[in-house]
Number of protein chains: 2
Amino acid sequence: MPARRSPEPHERQRDPERTRQRILEAAAAEFGEHGYAGARTRAIAERAGVNQQLVSYYFGGKEGLYRAMSQQWEQRREGLAPPGTPLPDQLRNFALEALRSPAGVRMFAWSGLQWTGPDDDPDRAERSRMLGGGVDQLRELQAAGRLPAEVDPACLQVMLMAACMATTTLPHVIEGLTGADPRSPAFVAHFADQVAVLARLIGLDPQEPQTS
Amino acid sequence: MPARRSPEPHERQRDPERTRQRILEAAAAEFGEHGYAGARTRAIAERAGVNQQLVSYYFGGKEGLYRAMSQQWEQRREGLAPPGTPLPDQLRNFALEALRSPAGVRMFAWSGLQWTGPDDDPDRAERSRMLGGGVDQLRELQAAGRLPAEVDPACLQVMLMAACMATTTLPHVIEGLTGADPRSPAFVAHFADQVAVLARLIGLDPQEPQTS
DNA sequence: AGGTTTGTCAATCACATGATTAATTGACTG
DNA sequence: CAGTCAATTAATCATGTGATTGACAAACCT
């Protein structure tokens, strides 16, 4: 009998960490597809291949699971925009995120509609920390005179983010307007390019290394 | 006793048309706030001040009510963009819609996330009918050489729509970035102006009556 | 090995939800 | 005024839902 002595964590029959992770992944998928109200705890357990009770055991119920998972996603989002990247590319990358982790983008969209106010928003801190950078870049651009004074950088940033998420938030509009499948890799890529084009149109190009 | 003979419809104790309408309005509010899955039939009945059963009586249940109401909203949306209006103003108006009928805009946003495909989309027809105009204007603009060839007019239109809806779809981002209340009339108005500014930045201004 | 803790499961509960049924009330007809 | 139909209500149902309970089994400790 091959009764091994010290099984590697990933081979163990009982691996709480792995189970936790599986539940979180399943939750992201389910919540992403149906939103908080539409998601079913049973469905999450099934997706994860575990017993439903474990959701309560590890996260204290549906709400706790939602919080844990959304927080995890907010943190993951922080690494999304490397500081040095030119804005058009940064935006294109964000638009492409709909391809890399559709569930994450969808969750982000749901959370916007569910948002009720600054209070009871557990992810407020992570979010504002993550979003500061983009606005700063726009402010610099404006200070350099490359953006009209009438532009409010924060608003512009928000509008561009909304634009990037359109394949997720407005698929019905896209389908009705172009006939294309808003979620197909081909279209998302095309759309991401168009976001970059828009950014360039506004004049967010990286300037050639300073003439004066 | 003032037993009047022909009471005006709105004074009658029993007025099916009025009841129908009250239910539809209540439904818009409830569905707008919580989305389809989150909305409660009981809450709709209470808002409307009628018995819950009437929802089934008039609309055949929650789903029927949702369909009826969303269709009504799609139709109402058609009158939103008068043909002659310059694009920047048209966009500003759309952004201001978050003030005039928040429920309508929110419903539109929910429907995007719930959207599963061209099939089982009852409002497809109305939507595409309503959206055609904007893209045409952009195409003309492009044909006139006032918009780079690399721009895909349909995508641009979608991105601008998404931007207009940002006070509704990304309130958490707005709050975290500006500290302002994303739903306050003051901010929505400011944001709508910024949308117009963006439109002008892209060059969607109405051209002064042709020089050549 | 024996006992304790921790991870997992099956079975079940209490409750909210959407729907149904049947009764009631008001309006219109002849 | 009786009778009929439409509008509205109250009471109840079947079911899906998230949560709980208690058994039990694998790992850990000595």
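Below, chain A is the first sequence line, B the second, and so on; all start at residue 1. Note that this is a predicted model, so its numbers are computed, not measured.
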Side-chain donor-acceptor pairs under 3.5 Å in residues 37-49 of chain A, sequence neighbours left out?
unit_1: R40(A); atom_1: NE; unit_2: G38(A); atom_2: O; d: 3.2
unit_1: R40(A); atom_1: NH2; unit_2: A37(A); atom_2: O; d: 2.7
unit_1: R40(A); atom_1: NH2; unit_2: G38(A); atom_2: O; d: 3.4
unit_1: R47(A); atom_1: NE; unit_2: E30(A); atom_2: OE1; d: 3.2
unit_1: R47(A); atom_1: NH2; unit_2: E30(A); atom_2: OE1; d: 3.3
unit_1: R47(A); atom_1: NH2; unit_2: E33(A); atom_2: OE1; d: 3.1
unit_1: R47(A); atom_1: NH2; unit_2: E33(A); atom_2: OE2; d: 3.0

Which of these nucleotides, dT9(D), dC9(C), dT17(D), is closest to any side-chain atom of Q53(A)?
->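 Nearest to the side chain of Q53(A) among the choices is dC9(C).
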Would you check if the side chain of Q142(B) reaches a backbone N or O of E150(B) as a donor-acceptor pair within less than 3.5 Å?
->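 No, Q142(B) side chain to E150(B) backbone: no donor-acceptor pair under 3.5 Å.
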Whether [X] contacts [N] is assessed here as follows: a side-chain N or O lying under 4.0 Å from the phosphate OP1 or OP2. Is that the case?
X: T41(B); N: dT17(C); result: no
X: T19(B); N: dA7(D); result: no
X: R40(B); N: dT17(C); result: yes

Without placing hydrogens or testing angles, list every side-chain donor-acceptor pair under 3.5 Å for residues 158-175 of chain B, not counting sequence neighbours.
unit_1: T169(B); atom_1: OG1; unit_2: M165(B); atom_2: O; d: 3.2
unit_1: H172(B); atom_1: NE2; unit_2: F108(A); atom_2: O; d: 3.4
unit_1: H172(B); atom_1: NE2; unit_2: S111(A); atom_2: OG; d: 3.2
unit_1: E175(B); atom_1: OE1; unit_2: R124(A); atom_2: NH1; d: 2.4
unit_1: E175(B); atom_1: OE2; unit_2: R124(A); atom_2: NH1; d: 2.8

Rounded distance (Å) that lies between atom [atom2] of [N] and atom [atom1] of [X]:
X: Q52(A); N: dG16(D); atom1: CD; atom2: P; result: 14 Å
X: N51(A); N: dA19(D); atom1: CG; atom2: P; result: 14 Å
X: H34(A); N: dG16(D); atom1: NE2; atom2: C1'; result: 15 Å
X: R20(A); N: dT6(C); atom1: CZ; atom2: P; result: 15 Å
X: R22(B); N: dT8(D); atom1: CZ; atom2: C1'; result: 13 Å
X: L54(B); N: dA10(D); atom1: CG; atom2: P; result: 10 Å
X: I44(B); N: dT17(C); atom1: CD1; atom2: C1'; result: 12 Å
X: D15(B); N: dC28(C); atom1: CG; atom2: P; result: 11 Å

Which ones in residues 55-69 of chain B lie close to DNA chain C, meaning a heavy atom under 4.0 Å from one of its atoms?
-> S56(B), G61(B), K62(B)
Is there side-chain contact between E74(A) and R129(A), with heavy atoms separated by less than 4.5 Å?
-> no
Derivation of the salt bridge (Lys or Arg N to Asp or Glu O under 4.0 Å) call for E97(A) and R100(A) | CA-CA 5 Å; E97(A) 197 65 9; R100(A) 294 197 210 94; 2.7 Å; yes
Polar side-chain contact R42(A)-dG16(D) base: donor and acceptor under 3.5 Å = no
So, is the end of the K62(A) side chain (NZ or CZ) under 6.0 Å from the ring centre of Y36(A) and within 45° of the ring's axis?
->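 Yes.
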L91(B) to A199(B) - nearest heavy-atom pair and separation | CD1-CB, 3.9 Å
Describe the nucleic acid contact of A39(B) in one word from base, sugar-phosphate, nothing, applying a heavy-atom distance below 4.0 Å.
-> sugar-phosphate
